[in-house]
2 protein chains.
Amino acid sequence: MVETGASAVQSGEGLLFLTDEQLRKGIEAMFFAYRAFTADPDRILAEHDYGRAHHRAIHFINRQPGLTVSNLLTMLGVTKQSLNRVLRTLVEDGLVEARVGRRDKRERHLHLTERGQALERELSDAQRARMRLAYRAAGPAAVAGFRQVLEAMMDPDLRQFYQSMREGVA
Amino acid sequence: MVETGASAVQSGEGLLFLTDEQLRKGIEAMFFAYRAFTADPDRILAEHDYGRAHHRAIHFINRQPGLTVSNLLTMLGVTKQSLNRVLRTLVEDGLVEARVGRRDKRERHLHLTERGQALERELSDAQRARMRLAYRAAGPAAVAGFRQVLEAMMDPDLRQFYQSMREGVA
DNA sequence: GTTTTACGTCAGCGTTGTTGACTTTCCAAG
DNA sequence: CTTGGAAAGTCAACAACGCTGACGTAAAAC
């Protein structure tokens, strides 16, 4: 066992938010919220015969047009075989274009086609709509806290990635 | 398309936190944080030849000892066939006990055995440890906001479940 | 010129989700 | 007391999406 019991309370600092029960509620909140978070895109993807893996690829290709396969690999944290299967179908279906690198011809630079962008918009509109409602309901202060806690949960290297994603969308 | 462009900004209310870019960052934060959130349990589960599905079952059985299979089904949001496969291995391996209902003998009331409790503790200690660090780093105000936004994201019926989970652990 | 890197691909496997069909058990209402 | 339907379990088949391992090609790097 790592740490058991209401360790935070025992510290006597009045850190009620660090009770095991509070932590447990946070864990469950993550579970249920993530379910909701993926529900809308999942519905749309099912209509197009795609899955979550396709969504993730599309999202990051849209976010950083021209990123290479290995970049994407690092961000998604899957094997190249797994990603390749997904990427191949997206290229075959004409949603993604893989351009050979000009400086380094081994690289493939990924871009969304118009059809790819259309699906991306459909997916992210749905996801943003839910997010917007949640943000609006909770208010700006809550949103700041939300982002702070999520960021603190990430592994350091993934946090780097997250923070370094440029703010503009091109 | 549902809503495109920086709709919130156009409302002129100064709701900067509702920009598409802010929403996008929230979406990515969810993605990366959830990865981290499941990483520690996943490692432990792999050692025991179990998967995330087992973890989820164990979590909720521990949380509400004696809950029925259909209760669990509703909370997890999977089919009974899918849950049954998981539950069967847990019962076979002696981590979960399925007691026939006394009032309604069709029901199976689920309980963790000692070995089940041991694994639950191992898993949730790891998960809580990460959560505790994140909470501590972000502070109580951020934690409150974190919970508020997650709660607002949930579908109403799942939010009901989430809120109604009793605070004690029995 | 050899090694390393980036990418693609084939084969095989495991977990976890799905649908559909069917049985058994049992409560409850007619 | 019979019957309808809910709760639970099971079998079969399938799909998405992870994984490992092995292999091939092209190009960059040393």
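First the proteins, then the strands, lettered A, B, ... as listed; each starts at 1.
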Toward the 5' end of DNA chain D, by each residue's nearest nucleotide, A:Asp49 or A:Asp104: A:Asp49
Touch class at under 4.0 angstrom, heavy-atom based, for B:Arg85 against every strand present: base
CD-CG distance between B:Glu97 and B:Leu90, expressed to the nearest 0.5 angstrom: 13.0 Å
Interatomic distance where CZ belongs to A:Arg103 and C1' belongs to D:dA26 [whole Å]: 18 Å
Side-chain H-bond candidate by donor/acceptor type, B:Glu120 with B:His55, under 3.5 Å: no
Length of the NZ-C1' vector between B:Lys105 and C:dT24, whole Å: 15 Å
A:Glu28 and B:Arg159 ion-paired at < 4.0 Å: no
Between C1' of C:dC7 and CG of A:Leu72, the distance in whole Å: 13 Å
Presence of B:Thr79 side-chain N/O under 4.0 Å of C:dG17 phosphate oxygens OP1/OP2: no
Side-chain donor/acceptor contact of A:Gln81 with base of D:dG21 under 3.5 Å: yes
Touch class at under 4.0 angstrom, heavy-atom based, for A:His54 against every strand present: sugar-phosphate
Near-strand residues of residues 30-47 of chain B, defined as heavy-atom separation under 4.0 angstrom from DNA chain C: none
d(CG, A:Leu87; P, C:dA6) in whole Å: 16 Å
Donor-acceptor pair, side chain of A:Arg128 and main chain of B:Ile27, under 3.5 angstrom: no
N/O (side chain, A:Arg99) to phosphate O (OP1/OP2, C:dC7) under 4.0 Å: no
Polar pair under 3.5 Å, donor/acceptor by atom type, side chain B:Lys80, base D:dA8: yes
Spacing between B:Leu90 atom CG and C:dT16 atom P, to the nearest angstrom: 10 Å
C:dG17 phosphate, OP1 or OP2, under 4.0 Å from B:Arg56 side-chain N/O: yes
Rounded distance in Å - CZ (A:Arg52) to P (C:dT15): 19 Å
Any donor-acceptor pair under 3.5 Å from A:Thr113 side chain to A:Leu95 backbone: yes
Ring geometry between B:Tyr34 and A:Tyr34 (parallel below 30°, tilted from 30 to 60°, perpendicular above 60°): parallel
Rounded distance in Å - CG (A:Leu73) to P (D:dG18): 11 Å
d(CG, A:Leu83; P, C:dC7) in whole Å: 10 Å
Sugar-phosphate only, base, or nothing, as touched by A:Ser70 at under 4.0 Å among non-hydrogen atoms: sugar-phosphate
C:dT25 base / B:Arg106 side chain donor-acceptor hit below 3.5 Å: no
Non-neighbouring partners of A:Asp155 that pass salt bridge (charged side-chain N to carboxylate O under 4.0 Å, His left out), sequence neighbours left out: B:Arg130
Beyond-backbone contact of B:Leu150 with B:Met30, side-chain heavy atoms, under 4.5 angstrom: yes
B:Arg108 vs D:dG9: side-chain N/O to OP1/OP2 distance below 4.0 Å: yes
side-chain N/O A:Asn84 vs C:dC7 OP1/OP2, d < 4.0 Å: no
